[in-house]
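First the proteins, then the strands, lettered A, B, ... as listed; each starts at 1.
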Amino acid sequence: MSRVTVQTTKAEEVLAPELIEFISEWKTQPGNLIMVLHRVQEHYGYVPRKVAFAVADLLEIPLARIYGVLTFYNFFKLTKPGRNRIQVCMGTACYLRGGEDLVLELEGMLGVGLNTVTPDGEFSVEAVRCVGCCGLAPVMTINGTVYGKVELKDLPGILAQYKKAS
Amino acid sequence: MAYKQFILVCGGTACESNKGIELVAELKRAVEAVGLVNDVQVVRTGCLGFCEKGPIVKIIPEDTFYVEVKPEDATEIVNEHIVKGRMVERLLYDKSQSKQHVEVDEIDFYQKQFRIVLRNCGVIDPDKIEEYIARDGYAALEKVLFEMSPDQVIDELDKSGLRGRGGAGFPVSKKWAFAKVQQADQKYMVCNADEGDPGAYMDRSTLEGDPHSIIEAMTIAGYTIGANKGYVYIRAEYPLAIGRLELAISQAREYGLLGDNILGTDFSFDIEIRLGAGAFVCGEETALLASIEGKRGMPTPRPPFPAVKGLWGKPTVINNVETLANIPVIITKGSDWFSKIGTATSKGTKVFALTGKVKNSGLIEVPMGTTLREIIFNIGGGIRDGRQFKAAQTGGPSGGVIPPEFLDLPIDYENLAKIGSIMGSGGLIVMDETDCIVDVAKFYLDFTVEESCGKCAPCRIGGRSLYNLLGKITAGTATMDDIDTMQEIATAMQRASLCGLGQTAPNPVVSGLRYFRDEYEKHIIDKKCPSGKCKNLLSYSIDPVKCVGCTACARVCPVNAIAGERKKTHVIDPVACIKCGQCYEVCKFGAVIRG
C-alpha cells in the first residue's frame, strides 16, 4: 500500500466528510492554508490537534507550517471555547467607555481568567479587537449576539439568559 | 410598479445587532397588514452612520428620521405615519422640532457632511445590484472600457489628486502607473479590507452598504494595470460584510460585469475573497500579501515594492476599501469636480469613525480640510455628560493625540503629520478629562506589542520596553530618567523598524510627551493621575465633615472595605480597598475623596 492511502484513511477517521471535500477542493489553489483553517475552525469552534495533523496530511505540508499560521493569527483558537462564548470588545472606544471593567467583572462573576473556560465548559471570556459597533460602546458579544452600551449592573441579567436551566 | 414611499431601515452592524432584522420583518408585516405593499417599499440599507441612536429608520420622500426604533414600534410607524400621515413624535430624533417638518439635512449630524464614499450607504439595498446600477453604478466601468485607455484612467486619477486612504496617503495614480508599466504574464489587484485599527469601521460599513462600488473600482483597476485577477482580503470578523460581498460578486458575474469578456469586450477580470485572521500587521502591504499566500503575515523589506514584485512575485496593486470607493465617482463626475473638494494637497473627503466621549458616535464623511472643532462639536454634538474636551486621537495605534489648541486646524494629511499624528484609516477617538493620556498610550502599546510580528528587533524589543516603562509610570515607580529612555527608544523604533507598524507604534507616546508632558510628570513626580484612571496612583478616603452616615458607600463596596454605623462617619480601609470607585460614584454628598 502506498503511504498516501494510509494517510487518507487516517484523515477520514478524524475529519468530517464535508471538511475532506472542502480541503480537496482547495488543495490545488495557491495560498489555501488560511482558508482551510477557517473552515476547520468554523466546524469545531477551534482547531483540535489531531485535526491539525489530518490537515497537514491532506494538504501534504509540514505540521510546523500549520502551527506557524495558527499561532500567528489571533482568530485561530487551539483550545475549545465555552459553550457560551463571551467576547468583550477592547477596541479604543469600548476601552474608553469601560470595556476593561466588563472583563474584570465577568472574570469575577464566572471565576475564570481571560481566555479560559469555566470548569463546567459553559462559559469562556475573551477580549477581542474592535467589533465595529463603536457607537454602542462598550460592546460585548455572546455567541455572536451583540450587546451594546453594557453596564456592569446589566451583566447578571444577560448571563442568566445563557445559564442552563437546571 | 412605482412605489410612493420608501421605509429605509439601517442594516449596519450596530443597528442589526439591535434587533434591526426583526424590525425590517415587522415593518414589512405592518405594511402588508394595511394593504400597501404596492405603494410602500421597506428597504434594508447599508449604514446610515448615526450609530449612536440606532436602529435608524428613514422615510422618504418626506425625509423623516426616526431613531432607536424597536420592532414593536413598526405597527405604529406604519399606521400613523404611512396611513394617516402623522409623524410618530416620540421616535423623532429631535422631539422639539416635531411640530415642524424635520428633514434629515437639518440634523446637525448630517449638515456638515459630504458623502462620496458613503454615497449609497443608507440609500440603496446592498443586496440588489439593480439599485446600485440605478444610482449610476457600473457607469464608470462602462466609460473606462469603451472610452478610455489605461493611460487616460491614470491621468484622470492623477488630476483628481486621490491619495490612499489607508495610511500614508500615497497618490493612487502613481501606484497604478508603476504596476501598469511592469511586464509580466500575470498581475493582481488586491483590495485591503482587513480593517484592523481598533475604533475604525468605515470599510466594514462601505462593504456592507455598497459592495458593488468596490467590485466596480477593482475591475477598473484591473483594466488599467493589466490584471485579470483580484482578491479582496477581508477580516473574518466581518461576516455580514463578507456575505454581502459574496452576493454582490455573484450578481456582478451574472450581469457580465465580472468574469470573461466583461460587457462584451476582450477584457476579463474576476474577484476572489480571502479571509484575514486577525493580525494588525497585515495592514502593511507586504504582510497582507504573505497572508493571502497562506503564510504568517510578516512584512518584507521594500523595495521591491508590491507594484513590481507582489503577490506570488507578480506586480500587484493594493488599495483599501475607502480609496477604491472614490474611484467610480471620479470617473463619472470627472477629476475637475473631485479636485475642487478638499485642500491644496488632500483632495476629496475622508470618512471618520467618530467615537469615544462624543455625544453622537457614528460614521461621518467630511471634505478634507474640515476642522476637528466642526467634526467634534457640530457633527458630534460635543462631549458627553457635560465634560470638557481633552484630546482627540486619529490614526489609532499609529497616530498621536491632538490637544485642544489644534481644534481649528484643517484636517488633511500634511497638517496631521505636522502635529505628530497621521490620517490613518480614519478612527477618530475623542477623550475627555476622565481619560488619562498615559493610560491611553499604554493601551495602544499593549495593542502594538501584541500585534508586532516579531521579525525586526526595534519593534519587537522597543515596543515591549516602551510598554514596560509606561507600566512603571502608571504604577508610580518611574523616574524622570525613564522619559528620556522612552524618547530614545521611540526614535530608534521610528528610524529602524522594518515596517509601518513599528515605525508608528511610538506615536501615541511621542505625541503625549509633546503635548501632555505635565501629565506624565504628575504621574512620575507627584505620583498622581489627574484623571483618576490609574488605580495604583489613587486612594479613596471619606471626608468626616461631609459624611452623613447614609451607608450607601458601604452597601455598594464589593469587598466590604468601608466600615461605619448608620448616621455615623464611615471609614475606608485602604488595605482592603480595590479602588473600584463605586463609593465615589454613589455618594450623594461628595464625601468620598479621590486623590
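Contacts between E208(B) and chain A at a heavy-atom distance below 4.5 Å are absent for every atom of the residue. With a 4.5 angstrom heavy-atom cutoff, A353(B) does not touch chain A via any of its atoms. Only the side chain of Y444(B) comes within less than 4.5 Å of a heavy atom of chain A; its backbone N, CA, C and O stay farther away. Contacts of V281(B) with chain A are made by side-chain atoms alone, with heavy-atom separations under 4.5 Å and no backbone atom involved. At a 4.5 Å heavy-atom cutoff, K53(B) makes no contact with chain A through either its backbone or its side chain. Contacts between D432(B) and chain A at a heavy-atom distance below 4.5 Å are absent for every atom of the residue. Within the 4.5 angstrom heavy-atom criterion, atoms from both the backbone and the side chain of L96(A) approach chain B. With a 4.5 angstrom heavy-atom cutoff, R204(B) touches chain A only via side-chain atoms. Neither the backbone nor the side chain of L354(B) comes within contact range of chain A; no heavy atoms are under 4.5 Å apart. Residue contact with chain B, scored on non-hydrogen atoms closer than 4.5 Å, is absent for Q87(A). When heavy atoms are compared at a cutoff of 4.5 Å, I292(B) approaches chain A solely by way of its backbone atoms N, CA, C and O.
For the options T13(B), T355(B), L275(B), heavy-atom pairs under 4.5 Å to chain A are most numerous at L275(B). Counting heavy-atom pairs closer than 4.5 Å to chain B, the top-ranked of the candidates N74(A), L104(A), T92(A) is T92(A). If you tally non-hydrogen atom pairs under 4.5 Å between each of C89(A), C133(A), C94(A) and chain B, the highest count goes to C133(A). Highest contact tally toward chain A, considering only S291(B), C453(B), C15(B), G362(B), is held by S291(B) [criterion: heavy-atom pairs under 4.5 Å]. Put simply, of D439(B), N360(B), L311(B), V358(B), the one with the most heavy-atom pairs under 4.5 Å next to chain A is D439(B). If you tally non-hydrogen atom pairs under 4.5 Å between each of L70(A), V36(A), D101(A), V131(A) and chain B, the highest count goes to V131(A). For the set E237(B), R384(B), K533(B), the count of heavy-atom pairs under 4.5 angstrom toward chain A peaks at R384(B). Options A14(B), P397(B), C580(B), A279(B) differ in how many heavy-atom pairs under 4.5 Å they form with chain A, and the most are formed by A14(B). Taking M431(B), R235(B), M298(B) one by one and counting their heavy-atom pairs under 4.5 Å with chain A, the maximum is reached by R235(B).
The pair E195(B)-R129(A) fails the salt-bridge criterion, with no side-chain N (NZ, NE, NH1 or NH2) lying under 4.0 Å from an Asp/Glu carboxylate O.
You'll find the ring centres of Y162(A) and F123(A) outside the 6.0 Å limit.
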E122(A)/K163(A) under salt bridge (Lys or Arg N to Asp or Glu O under 4.0 Å): CA gap, chis, key distance, verdict: CA-CA 8 Å; E122(A) 282 295 290; K163(A) 286 200 173 124; over 6 Å; no
message: The test is side-chain contact (heavy atoms from CB on, under 4.5 Å); show your working for I376(B) and I383(B) and say whether it passes.
response: CA-CA 8 Å; I376(B) 296 169; I383(B) 310 300; 4.1 Å; yes
field: Derivation and outcome, side-chain hydrogen bond (donor to acceptor under 3.5 Å, both in side chains), residues R97(A) and S361(B)
entry: CA-CA 12 Å; R97(A) 288 205 201 165; S361(B) 286; 3.1 Å; yes
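Counted within 6.0 Å of NZ on K455(B), heavy atoms from surrounding residues, nucleotides or ligands total more than 12; the atom is thus considered enclosed. Other residues, nucleotides and ligands contribute at most 12 non-hydrogen atoms within 6.0 Å of the NZ atom of K70(B). Sparse packing is recorded around CD of E21(A), with 12 or fewer heavy atoms of other residues, nucleotides or ligands lying under 6.0 Å away.
Of the possible donor and acceptor atoms, one in the side chain of N507(B) sits under 3.5 Å from a partner among the backbone N and O of S398(B).
Side-chain contact, T141(A) with Y147(A): no donor N or O sits under 3.5 Å from an acceptor N or O. Side-chain contact annotation: T394(B) with S421(B), donor-acceptor N/O pair under 3.5 Å present.
Between F76(A) and H38(A), the ring-plane angle classifies as tilted under the 30° and 60° cut-offs.
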